[in-house]
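Atoms within each ligand, like the ligands themselves, are counted from 1 in listed order. Owing to the predicted nature of the structure, the values given are computational and were not obtained by experimental measurement.
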Amino acid sequence: MADSAETRKLVYLVTGGCGFLGEHVVRMLLQREPRLYELRVFDLHLGPWLEELKTGPVQVTAIQGDVTQAHEVAAAVAGAHVVIHTAGLVDVFGRASPETIYEVNVQGTKNVIEACVQTGTRFLVYTSSMEVVGPNIKGHPFYRGNEDTPYEAIHRHPYPCSKAQAERLVLEANGRKVHGGLSLVTCALRPTGIYGEGHQIMRDFYHQGLRLGGRLFRAIPASVEHSRVYVGNVAWMHVLVAQELEQRAALMGGQVYFCYDESPYKSYEDFNMEFLGPCGLRLVDTRLLVPYWLLMLLATLNALLQWLLRPLLLYAPLLNPYTLAVANTTFTV
Ligand SMILES: NC(=O)c1ccc[n+]([C@@H]2O[C@H](COP(=O)([O-])OP(=O)(O)OC[C@H]3O[C@@H](n4cnc5c(N)ncnc54)[C@H](O)[C@@H]3O)[C@@H](O)[C@H]2O)c1
Ligand SMILES: C[C@@H](CO)CCC[C@@H](C)[C@H]1CC[C@H]2[C@@H]3[C@H](O)C=C4C[C@@H](O)CC[C@]4(C)[C@H]3CC[C@]12C
């Protein structure tokens, strides 16, 4: 589409816009939304890379703010046509307290919804997660499932519980009257495990491998499959949903969609090795040496150590009872 002033009229707000996914959403909007007039990037921690984005035709507004603060959210939302809400505490390693996870992921989402209602913003896209569905606490596999597949979504961990609550709030808010009398249109996206440029967990595996002399030790059977999805495709999915939400409000409003892009179904570790192998690491198959019960013991010891050391330092290894259980349960969409 020709770049002309009259086509640029939309104001977007991306919360968590400096995060792993958020940054890709910000860059995708600048590349793929020709109607963009202003792009507001709202985050607790603003990245220095935002400065380089301010030289283009779109007004990029960096807003340092906290989604748990309703007034800060309302100020950022006011005047926006679309909100893409990615901000959240993605913590399954025990770094934050359950209360903080709830405060950010649930209360923060409530604040975004209420800000849309109060200021008249009609379109809200929420970044939910596969974990809203599973794996559940019983370790039931979810094999090539979809949004309609029956599954007992029972959770105890603060992160999936908070994502499930937030997703429900977003979907229930669909159809609420916003300031000005029109209806709020909401939609939630459930990415599976996202990978790609800037993925901190992939970095953590890489550095763990370097510490272990270029080796990683298999803890997950290759038969366990996880769906993974490239971050650029997840960003594109968010832009597509945002662009279509107005024209297809009746079809998409209040709906939830898994995000998957045909990335190979592999175990979490084997999928990571697609990238870490070419970086010089190799996966040593120690499954025969390290039975599951011993892994669970090690994971439990990690959790105990985390609890004991908390007054002194944050000890948050990749392996804990929750991550081991998730890693060992097939979840493919
Ligand atoms: N990474 C994945 O595999 C994955 C998969 C499915 C869904 N998700 C969801 O995608 C979203 C983004 O995840 P991510 O992997 O990019 O995580 P991330 O931690 O890289 O990004 C989250 C961003 O939110 C910001 N943030 C945190 N608390 C905030 C607050 N109180 N106020 C304002 N900003 C705050 C952080 O500063 C960060 O920039 C999250 O909602 C997460 O639940 C992630
Ligand atoms: C046995 C361990 C040592 O090799 C393996 C640990 C792997 C775990 C760190 C990861 C296995 C599955 C991951 C989660 C999954 O990809 C989906 C998620 C949903 C998303 O909303 C947030 C991230 C995550 C919880 C992701 C986190 C890391 C794993 C538990």
Side-chain angles (χ1 to χ4, degrees), residues 14-26 41-47 63-69 72-73 76 84-93 95-96 100-101 103-105 107-109 111-112 126-135 157 159-160 162-164 166-167 188-196 198-202 204-205 208-209 216-221 224 226-231 234-235 238 258-260 267-273 283 286-287 290 292 295-296 298-299 302 316-331:
V14 179
T15 72
C18 292
F20 166 45
L21 172 60
E23 178 179 350
H24 286 268
V25 171
V26 164
V41 183
F42 182 96
D43 204 302
L44 205 54
H45 308 296
L46 294 178
I63 306 169
Q64 194 281 329
D66 185 340
V67 290
T68 67
Q69 301 304 307
E72 293 181 10
V73 176
I84 297 180
H85 176 36
T86 82
L89 261 188
V90 185
D91 181 21
V92 291
F93 306 106
R95 297 188 181 112
T100 304
I101 292 172
E103 191 62 18
V104 175
N105 293 352
Q107 187 57 49
T109 300
N111 291 342
V112 169
Y126 173 60
T127 312
S128 181
S129 169
M130 61 174 257
E131 290 226 335
V132 166
V133 175
H157 193 282
Y159 175 72
S162 69
K163 294 301 287 185
E167 180 190 283
L189 292 177
R190 288 175 183 161
T192 56
I194 306 176
Y195 67 93
H199 187 206
Q200 186 55 48
I201 296 174
M202 188 71 80
D204 292 345
F205 271 102
Q208 186 181 68
L216 288 167
F217 298 94
R218 178 188 292 282
I220 307 167
V224 176
H226 265 228
S227 288
R228 302 288 288 275
V229 62
Y230 174 59
V231 63
V234 179
H238 280 72
F258 278 113
C259 299
Y260 177 56
S267 78
Y268 196 85
E269 291 170 331
D270 288 299
F271 191 94
N272 288 352
M273 289 311 293
L283 186 61
T286 56
R287 251 180 343 100
V290 186
Y292 188 77
L295 268 174
M296 185 47 92
L298 291 171
N302 275 342
L318 288 170
L319 177 66
N320 64 52
Y322 181 75
T323 61
L324 180 61
V326 173
N328 270 277
T329 307
T330 285
F331 195 99

Under 4.0 Å from a heavy atom of [X]: which atoms of ligand 1 are those, numbered in the order shown and with their elements?
{"X": "Asp66", "answer": "30 (C), 31 (N), 32 (N)"}
{"X": "Leu21", "answer": "10 (O), 16 (O)"}
{"X": "His45", "answer": "37 (O)"}
{"X": "Tyr159", "answer": "42 (C), 43 (O)"}

(request) Tell me yes or no: between the side chains of His226 and Thr192, is some donor less than 3.5 Å from an acceptor? (result)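 Short answer, no.
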(request) Could you verify whether a donor N or O on one side chain and an acceptor N or O on the other, from Asp204 and Gln200, lie under 3.5 Å apart? (result)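 There is such a pair (donor and acceptor under 3.5 Å, judged by atom type) between the side chains of Asp204 and Gln200.
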Any sub-3.5 Å donor-acceptor pair from [X]'s side-chain atoms to [Y]'s backbone N or O?
{"X": "Asn111", "Y": "Val73", "value": "no"}
{"X": "Glu269", "Y": "Ile220", "value": "yes"}
{"X": "Thr329", "Y": "Pro135", "value": "no"}
{"X": "Glu103", "Y": "Thr68", "value": "no"}
{"X": "Ser267", "Y": "Asp270", "value": "yes"}

Protein residue, atom and distance nearest to [atom], heavy-atom basis:
{"atom": "atom 22 (C) of ligand 2", "value": "Val90 CG1, 3.4 Å"}
{"atom": "atom 11 (C) of ligand 1", "value": "Thr86 O, 3.1 Å"}
{"atom": "atom 10 (O) of ligand 1", "value": "Thr127 CG2, 3.2 Å"}
{"atom": "atom 4 (C) of ligand 1", "value": "Ile194 CD1, 3.5 Å"}
{"atom": "atom 4 (O) of ligand 2", "value": "Glu269 OE2, 2.7 Å"}
{"atom": "atom 8 (C) of ligand 2", "value": "Thr323 CB, 4.0 Å"}
{"atom": "atom 21 (O) of ligand 1", "value": "Gly19 CA, 3.4 Å"}
{"atom": "atom 17 (C) of ligand 2", "value": "Met130 SD, 3.9 Å"}
{"atom": "atom 17 (O) of ligand 1", "value": "Val90 CG2, 3.4 Å"}
{"atom": "atom 2 (C) of ligand 2", "value": "Leu319 CD1, 4.0 Å"}
{"atom": "atom 18 (C) of ligand 2", "value": "Glu131 OE2, 3.9 Å"}
{"atom": "atom 15 (O) of ligand 1", "value": "Phe20 CD2, 3.7 Å"}
{"atom": "atom 22 (C) of ligand 1", "value": "Gly88 O, 3.6 Å"}

Is it the side chain, the backbone, both or neither of [X] that has a heavy atom closer than 4.0 Å to ligand 1?
{"X": "Val67", "result": "both"}
{"X": "Lys163", "result": "side chain"}
{"X": "Val104", "result": "side chain"}

(request) List in chain and number order the residues that pass side chain to side chain contact (heavy atoms under 4.5 Å, CB included) with Asp43, two or more places apart in sequence or in another chain; answer none if no residue qualifies. (result)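 Asp43: side chain to side chain contact (heavy atoms under 4.5 Å, CB included) contacts with Cys18, His45, Leu46.
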At a 4.0 Å threshold, what atoms of ligand 2 neighbour a non-hydrogen atom of [X]?
{"X": "Gly193", "result": "16 (O)"}
{"X": "Ala219", "result": "1 (C)"}
{"X": "Ile201", "result": "27 (C), 28 (C)"}
{"X": "Val326", "result": "12 (C)"}
{"X": "Ser129", "result": "19 (C), 20 (C), 21 (O)"}

So, does [X] sit close enough to ligand 1 that a heavy atom of it is under 4.0 Å from the ligand?
{"X": "Thr192", "result": "yes"}
{"X": "Cys18", "result": "yes"}
{"X": "Cys259", "result": "no"}
{"X": "Leu89", "result": "no"}
{"X": "Tyr195", "result": "no"}
{"X": "Ser128", "result": "yes"}

Of the non-hydrogen atoms in [X] and [Y], which two are nearest, and what is the gap between them?
{"X": "Phe93", "Y": "Asn320", "answer": "CA-ND2, 3.7 Å"}
{"X": "Pro221", "Y": "Asn328", "answer": "CD-OD1, 3.2 Å"}
{"X": "Gly16", "Y": "Thr86", "answer": "O-OG1, 3.3 Å"}
{"X": "Tyr322", "Y": "Glu131", "answer": "OH-OE1, 2.6 Å"}

(request) Ignoring hydrogens, tell whether any protein atom lies closer than 4.0 Å to atom 26 (C) of ligand 2; use the non-hydrogen atoms only. (result)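 No, because not a single protein heavy atom sits under 4.0 Å from atom 26 (C) of ligand 2.
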Does an N or O from [X], backbone or side chain, lie closer than 3.5 Å to an N or O of ligand 1?
{"X": "Thr68", "result": "no"}
{"X": "His199", "result": "no"}
{"X": "Gly193", "result": "no"}
{"X": "Leu44", "result": "yes"}
{"X": "Phe42", "result": "no"}
{"X": "Ser129", "result": "no"}

(request) Show your working on ring pair (Phe, Tyr, Trp, His ring centres under 6.0 Å) between His199 and Phe20 and close with a plain yes or no. (result) CA-CA 6 Å; His199 187 206; Phe20 166 45; 5.1 Å; yes
Have a look at [options] and point out the one with the heavy atom closest to [atom].
{"atom": "atom 29 (C) of ligand 2", "options": "Tyr159, Tyr268, Phe205", "value": "Tyr268"}
{"atom": "atom 5 (C) of ligand 2", "options": "Leu318, Ile220, Val132", "value": "Ile220"}
{"atom": "atom 38 (C) of ligand 1", "options": "Val229, Val234, Asn105, Asp43", "value": "Asp43"}
{"atom": "atom 33 (C) of ligand 1", "options": "Pro191, Gly16, Gly65, Gly47", "value": "Gly65"}

(request) Decide whether an N or O pair under 3.5 Å exists between His226 and ligand 2. (result)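 N/O-N/O distance below 3.5 Å does not exist for this pair.
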(request) Starting from the C-alpha separation in whole Å, work towards a yes-or-no answer on side-chain hydrogen bond (donor to acceptor under 3.5 Å, both in side chains) for His238 and Thr127. (result) CA-CA 8 Å; His238 280 72; Thr127 312; 2.8 Å; yes
(request) For the pair Arg190 and Glu167, find out whether any cationic side-chain nitrogen is under 4.0 Å from an anionic carboxylate oxygen. (result)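 Result for this pair is yes, salt bridge flagged.
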